[in-house]
*Asks:* 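I'd like to ask some things about the structure below.
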Amino acid sequence: MPKRQEIVALYEPNPGACPVRQVLDQVGDKWTTLIIMLLDEGPARFNALRRSIPDISQRMLTQTLRNLQRDGLVARQVFPTVPPAVEYSLTPLGRSLLGPINVLAQWAEQNMAEVMKAREVFKAADI
């Protein structure tokens with residue numbers, strides 16, 4: 001369990017000063033989570049990822065994949081074809097993230113009804 005000072009450090013005015021916050025910002029992003037889960041099924045091309053996540057823009061998918069590649073979670077392989085084919089896959093570091101993501105996804109599935117009920121109560125209270 002992190003100490004209070006460590007938790008408070010996550011909320012520093014300068015997020016660049018806390019490497020933990022930088023990592024959490026990336027892996028906590030909804031697109032990152034979806035992409036990591038999709039790549040667990042195996043390598044995929046850009047357009048296959050885009051079809052699997054219809055509400056992500058091309059620009060956001062490109063940026064998220066670049067960030068994941070930068071952070072060492074995703075590998076990008078270019079095949080020498082005309083036009084060049086590009087495939088994305090999880091690195092060992094990216095695979096190590098699957099455990100925590102799967103636990104979070106399980107929690108979401110188990111608690112979705114309760115969360116939806118709380119939202120209805122909140123909405124009805126007109127806060």
*Asks:* Name the atoms and distances for all side-chain donor-acceptor pairs under 3.5 Å in residues 99-114, with sequence neighbours left out.
*Replies:*
residue	atom	partner	partner atom	Å
Asn102	ND2	Leu98	O	3.1
Asn111	ND2	Trp107	O	2.9

*Asks:* Is it the case that one hydrophobic cluster holds both Val78 and Leu39, taking links as side-chain heavy atoms less than 4.5 Å apart, direct or via other members?
*Replies:* yes
*Asks:* Find the distance between CG (Asp71) and CG (Leu93) and round it off to the nearest 0.5 Å.
*Replies:* 8.5 Å
*Asks:* Would you indicate whether Arg59, at its atom CZ, is surrounded by more than 12 heavy atoms from other residues, nucleotides or ligands within a distance under 6.0 Å?
*Replies:* no
*Asks:* Compare every heavy atom of Ala75 with every heavy atom of Thr91, then report the nearest pair and how far apart it is.
*Replies:* CG2-N, 3.7 Å
*Asks:* How long is the straight-line distance from CD1 of Ile35 back to OG1 of Thr33, given to the nearest 0.5 Å?
*Replies:* 9.5 Å
*Asks:* Got a second to check how far Glu41's CD is from Leu90's CG, nearest 0.5 Å?
*Replies:* 10.5 Å
*Asks:* Atom CG in Leu65, atom OH in Tyr88: separation rounded to 0.5 Å?
*Replies:* 5.0 Å
*Asks:* Rounded to the nearest 0.5 Å, what's the gap from CH2 on Trp31 to CD1 on Ile56? Could you check?
*Replies:* 5.0 Å
*Asks:* Show your reasoning for whether side-chain contact (heavy atoms from CB on, under 4.5 Å) applies to Ile53 and Asp55.
*Replies:* CA-CA 6 Å; Ile53 314 171; Asp55 54 335; 3.6 Å; yes
*Asks:* Take Val86 and Phe46 through the side-chain contact (heavy atoms from CB on, under 4.5 Å) test and state the conclusion after the steps.
*Replies:* CA-CA 7 Å; Val86 178; Phe46 183 91; 6.0 Å; no
*Asks:* So, for Ser52 and Leu38, which heavy atoms are closest and what is the spacing to 0.1 Å?
*Replies:* CB-CD1, 3.6 Å
*Asks:* Taking salt bridge (charged side-chain N to carboxylate O under 4.0 Å, His left out) as the test, write out the residues that go with Arg66, two or more places apart.
*Replies:* none
*Asks:* For Ser57 and Arg50, which heavy atoms make the closest approach, and how far apart are they?
*Replies:* C-NE, 4.2 Å
*Asks:* About how many Å separate CZ of Arg95 and CG of Leu73, when rounded to the nearest 0.5 Å?
*Replies:* 12.0 Å
